[in-house]
> 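Before anything else, here's the structure in question.
Keep in mind the model is a prediction, meaning the values are calculated, not measured. Numbering starts at 1 and runs along the sequence shown.
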Amino acid sequence: MEEKELVAVNEAEIAVHWQEEEYFHPSSQFVAQANMTDAAIFKRFSLDNFPECFKEYADLLSWKQYWHTTLDTSDAPCWKWFVGGKINASYNCIDRHLDAHKNKAAIIFVPEPEDEPHEVVSYQELYVRVNEFAALLQDFAGLKRGDRVTIHMPMATELPVTMLACARLGVIHSVVFGGFSGQACGERIADSGSRVLITMDGYYRSGKLLDHKEKADAAVAVALKEGQQVDKVLVWQRHRDKYASDTPMVDGRDYLVSDLLKQYRGRRIDAVALPAEDPLFLMYTSGTTGRPKGCQHSVGGYMAYVTGTSKYIQDIHPEDVYWCMADIGWITGHSYIVYGPLSLAATSVMYEGVPTYPDPGRAWRIAEQLDVNIFHTAPTTIRMLRKAGPDEPPKYNYHFKHMTTVGEPIEPEVWRWYHEVVGKGEAAIVDTWWQTETGGFLCSTIPALHPMKPGSAGPAVPGIHPIIYDEDGEVVPTGSGKAGNICIQNPWPGAFQTIWGDRQRYVDTYYARYCKDRNSKDWRDWPYFPGDAATEAKDGYFRILGRVDDVINVAGHRLGTKELESACLMVNEVAEASVVALADELRGRVPDIYVSLKPGHDTGRNIEEEVSKAIEIAIGKIARPRHVYIVPDMPKTRSGKIMRRVLSAISNGTDIGDVTTLANPEIVEDVRKLVQGE
Ligand code: PRX
């Protein structure tokens with residue numbers, strides 16, 4: 001009973017339970033041009049046709065060698081897709097488009113300073129830049145198939161160039177979100193075993209040129225402490241003619257890419273034909289322990305899945321101008337800024353900075369200037385844009401045919417503003433539910449086939465077959481509207497292959513919970529458990545309630561409470577720390593922190609500030625807490641475990657419930673007064 005109470009503090013519990021909403025239908029113009037209007041797709045992708053149905057996605061790619069086995073389950077639950085096939089992601093995103101689209105913009109980079117011109121990179125130019133940089137990686141950095149490289153860069157065209165150059169060689173890239181601290185980057189360098197770090201000197205944010213290269217020194221030092229030597233740090237420059245960082249270049253370790261590249265002018269590197277199940281990249285994400293997990297994605301399965309879902313769910317055509325406002329440092333950017341859209345020969349827009357800089361009309365001005373017709377962002381950004389400029393969109397002459405929301409549940413009221421004001425009532429909206437681990441979408445409407453329902457992600461996408469289980473492993477009846485743990489019954493090509501270097505953790509975290517037979521080689525015995533709670537309404541639409549584990553979704557980004565807590569303990573005086581999720585109007589959730597101090601330490605020093613700072617150093621600014629409360633003691637069970645549920649209720653002003661069984665029930669009222677006042 002006690003154990004159950006412990007895990008009972010999760011997002012799903014504090015999730016709002018919205019009313020069922022009315023449907024909205026896509027316009028006839030949208031339907032007339034849509035890539036997917038054939039309702040038979042669901043029959044084709046039914047479980048009866050699994051796994052062969054995914055041939056339809058794989059056939060959107062150009063294979064160097066066609067595969068012979070669609071799905072190999074012999075090493076369950078590490079699935080192998082399209083076995084026997086050989087393929088290259090860089091070739092699929094660039095080379096194969098050159099005949100028809102050489103002069104088309106592949107990437108349009110919009111700098112934050114409005115007086116700087118946009119950087120338009122055609123497919124031909126992308127081809128040249130990726131080849132030359134791949135030659136540098138191969139010859140200068142000595143990188144080859146299977147090596148790992150950590151990329152810690154802001155939004156800049158050089159980021160996709162770097163990723164695609166790695167992909168061309170079969171080098172496994174691990175992109176760390178630019179906003180993460182040097183320390184967080186260093187831990188990921190060490191875990192992935194990268195001996196090359198690729199970074200950039202600086203970037204603009206809210207009008208300031210930030211020093212980014214300074215994080216590289218901390219990253220290299222932390223990696224070394226964990227046993228990983230970084231031999232080379234390759235530094236791209238924000239301004240080609242000047243170095244934008246205050247930190248010196250370390251002799252024999254740091255190299256300006258612009259200096260080196262000159263030697264590689266005109267070089268071409270054959271895209272390496274890789275086995276379909278070779279890893280394309282690692283993407284670290286937070287879990288329930290302090291150590292982030294390196295989700296390993298394959299080249300063949302991943303590319304097939306993101307290309308298919310970009311075509312049918314994002315409705316991307318080659319003539320579209322597509323703008324996803326996520327950062328490439330997250331999975332959304334990998335799948336739906338770089339690999340999916342470029343595989344379809346679209347024009348993918350990248351924006352450097354803050355969407356409301358220098359004023360709340362900025363995003364819509366960009367859309368107007370570039371004639372963006374597909375727009376993709378997260379609820380937290382939509383809430384921010386709405387708050388900053390609720391009446392801005394109509395002032396600008398742009399027209400979206402399609403809009404996406406991703407990363408967290410969107411409140412129906414915010415959805416309606418997105419639809420009516422941002423989408424001008426014209427755009428079809430998809431609310432896409434998925435994760436770093438899943439490579440691509442799991443639930444979403446198909447925009448021309450299903451009506452939209454605010455607040456619901458929608459039915460499963462083709463080839464995904466969810467099932468909801470209760471805590472005891474019983475199936476929650478479909479369409480019952482009852483909450484439970486949503487799982488996916490079958491594997492799919494976009495799913496990650498394993499956690500880098502930790503297969504056991506992969507099995508334990510995602511498959512052990514509802515596995516029917518640990519020795520089975522049959523995929524039917526291995527439902528995938530994403531760690532979210534959900535309900536399914538009568539119409540088959542899923543509503544995602546939030547995480548059921550110790551993960552907080554802050555502004556659409558996952559943070560592990562354990563990671564935050566161990567950062568707090570870096571402050572010498574802190575004896576214990578506990579992190580809970582505080583509901584927030586703009587960011588969805590923010591961390592609230594409770595710490596108790598070691599005996600003999602008074603609160604004379606500014607411990608609150610030091611704890612905040614420690615989190616910034618360990619993780620980054622995105623993880624900054626709303627409050628740090630210094631409490632005399634934590635509410636604890638008789639076995640000494642901290643009751644996060646009680647702290648969460650205090651932070652959120654919800655019902656604290658029965659605390660009489662605690663070891664120290666009297667502390668609850670003291671903490672409550674401290675937080676809420678008398
Ligand atoms: O809790 C779900 C929430 O975000 C988690 C995945 O986070 P991450 O791996 O960082 O990937 C974010 C971008 C895909 C999920 O476990 N989540 C994601 N999309 C939605 C969502 N919750 C509700 N609705 C969504 N559309």
Side-chain angles (χ1 to χ4, degrees), residues 1-14 286-291 547-552 554 559-584 589-619 623-678:
M1 186 61 213
E2 213 168 68
E3 287 305 316
K4 242 191 182 149
E5 272 182 328
L6 272 173
V7 292
V9 184
N10 56 52
E11 291 199 341
E13 268 193 6
I14 56 172
S286 297
T288 49
T289 71
R291 231 161 59 87
R547 306 284 315 177
V548 294
D549 53 12
D550 291 334
V551 170
I552 315 181
V554 177
L559 297 176
T561 48
K562 290 279 189 323
E563 279 171 81
L564 290 155
E565 287 165 2
S566 46
C568 298
L569 297 178
M570 299 304 287
V571 177
N572 195 25
E573 287 81 355
V574 172
E576 282 184 313
S578 184
V579 176
V580 300
L582 171 68
D584 179 78
R589 311 260 179 272
V590 289
D592 241 5
I593 295 199
Y594 292 81
V595 293
S596 63
L597 303 184
K598 291 176 185 162
H601 287 287
D602 62 25
T603 53
R605 292 217 342 257
N606 193 347
I607 301 286
E608 292 90 338
E609 185 53 37
E610 287 182 33
V611 167
S612 266
K613 194 76 206 154
I615 288 175
E616 208 177 293
I617 291 169
I619 301 165
R624 264 202 209 136
R626 173 64 43 83
H627 308 103
V628 177
Y629 297 111
I630 298 177
V631 295
D633 197 2
M634 301 283 180
K636 286 185 184 152
T637 63
R638 295 216 172 102
S639 59
K641 294 188 179 143
I642 298 173
M643 286 291 288
R644 285 226 199 88
R645 177 177 65 75
V646 171
L647 296 174
S648 168
I650 292 174
S651 274
N652 288 288
T654 55
D655 182 19
I656 293 170
D658 181 19
V659 294
T660 49
T661 58
L662 293 189
N664 54 353
E666 68 292 343
I667 202 74
V668 175
E669 186 54 15
D670 293 349
V671 176
R672 192 198 63 74
K673 277 192 195 143
L674 185 89
V675 173
Q676 301 176 353
E678 288 304 312

> Does the side chain of I607 come within less than 4.5 Å of V628's, by heavy atoms?
no
> Out of curiosity, R644 CZ to M634 CE, how far, rounded to the nearest 0.5 Å?
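Here the rounded value is 10.0 Å.
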> Main chain of A583, side chain of N652: is a donor-acceptor contact present, judged purely on distance under 3.5 Å?
yes
> Are P665 and T660 side-chain neighbours, meaning at least one heavy-atom pair lies under 4.5 Å?
no
> With a 4.5 Å heavy-atom cut-off, do E576 and K636 have their side chains touching?
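Counting from C-beta outward, E576 and K636 do come under 4.5 Å.
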> Do Q676 side-chain atoms and I650 backbone N/O form a donor-acceptor pair below 3.5 Å?
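Indeed, once roles are kept as given, a pair shorter than 3.5 Å links the two residues.
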> Salt-bridged, E616 to K613, with N to O below 4.0 Å?
yes
> When rounded to the nearest 0.5 angstrom, what is the spacing between CD1 in I593 and CG in L582?
11.5 Å
> Provide the closest heavy-atom pair for V554 versus V590 in the form atom of the first, atom of the second, distance.
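Smallest interatomic distance, heavy atoms only, reads CG2-CA, 4.3 Å.
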> How far does CD1 of I630 sit from CD of E608, to the nearest 0.5 angstrom?
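Taking CD1 in I630 and CD in E608, the distance rounds to 3.5 Å.
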> Considering non-hydrogen atoms only, spot the tightest contact between L564 and L559 and give its length.
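The pair with the smallest heavy-atom distance is CD1-CB, 4.3 Å.
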> Side chains of V668 and M643: closer than 4.5 Å at any heavy-atom pair?
no
> Please answer whether the main-chain N or O of V579 pairs with a side-chain N or O of E565 as donor and acceptor at a distance below 3.5 Å.
yes
> Under a 4.0 Å N-O cut-off, is there an ion pair linking E669 with R672?
yes
> Which heavy atom of A567 sits nearest a heavy atom of A614, and at what distance?
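Scanning both residues, the minimum pair turns out to be O-CB, 3.5 Å.
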> A side-chain contact here means heavy atoms from C-beta on lying under 4.5 Å apart; do V571 and V595 qualify?
no
> If I take atom OG from residue S286 and atom CZ from residue R291, how far apart are they, to the nearest 0.5 angstrom?
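It is 12.5 Å, given to the nearest 0.5 Å.
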> Kindly give the heavy-atom pair with the smallest separation between L569 and A577, and that separation in Å.
CD2-N, 4.2 Å
> Do the side chains of I615 and P625 get nearer than 4.5 Å, heavy atoms only?
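SC-SC contact between P625 and I615 confirmed.
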> Among side-chain atoms of S651 and Y594, is any donor-acceptor pair under 3.5 angstrom?
yes
> Hey, does the side chain of N664 reach the backbone of I667 with a donor-acceptor pair shorter than 3.5 angstrom?
no
> Does the S648 side chain pair with the main chain of V580, one donor and one acceptor, at a distance under 3.5 Å?
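Not a single qualifying donor-acceptor pair exists.
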> If I take atom CG from residue D550 and atom CD from residue E563, how far apart are they, to the nearest 0.5 angstrom?
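It comes to 11.5 Å.
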> Taking it one step at a time, do N572 and K598 satisfy side chain to side chain contact (heavy atoms under 4.5 Å, CB included)?
CA-CA 9 Å; N572 195 25; K598 291 176 185 162; 3.4 Å; yes
> Compare all side-chain heavy atoms of I552 with those of T561 and state whether any distance is below 4.5 angstrom.
yes
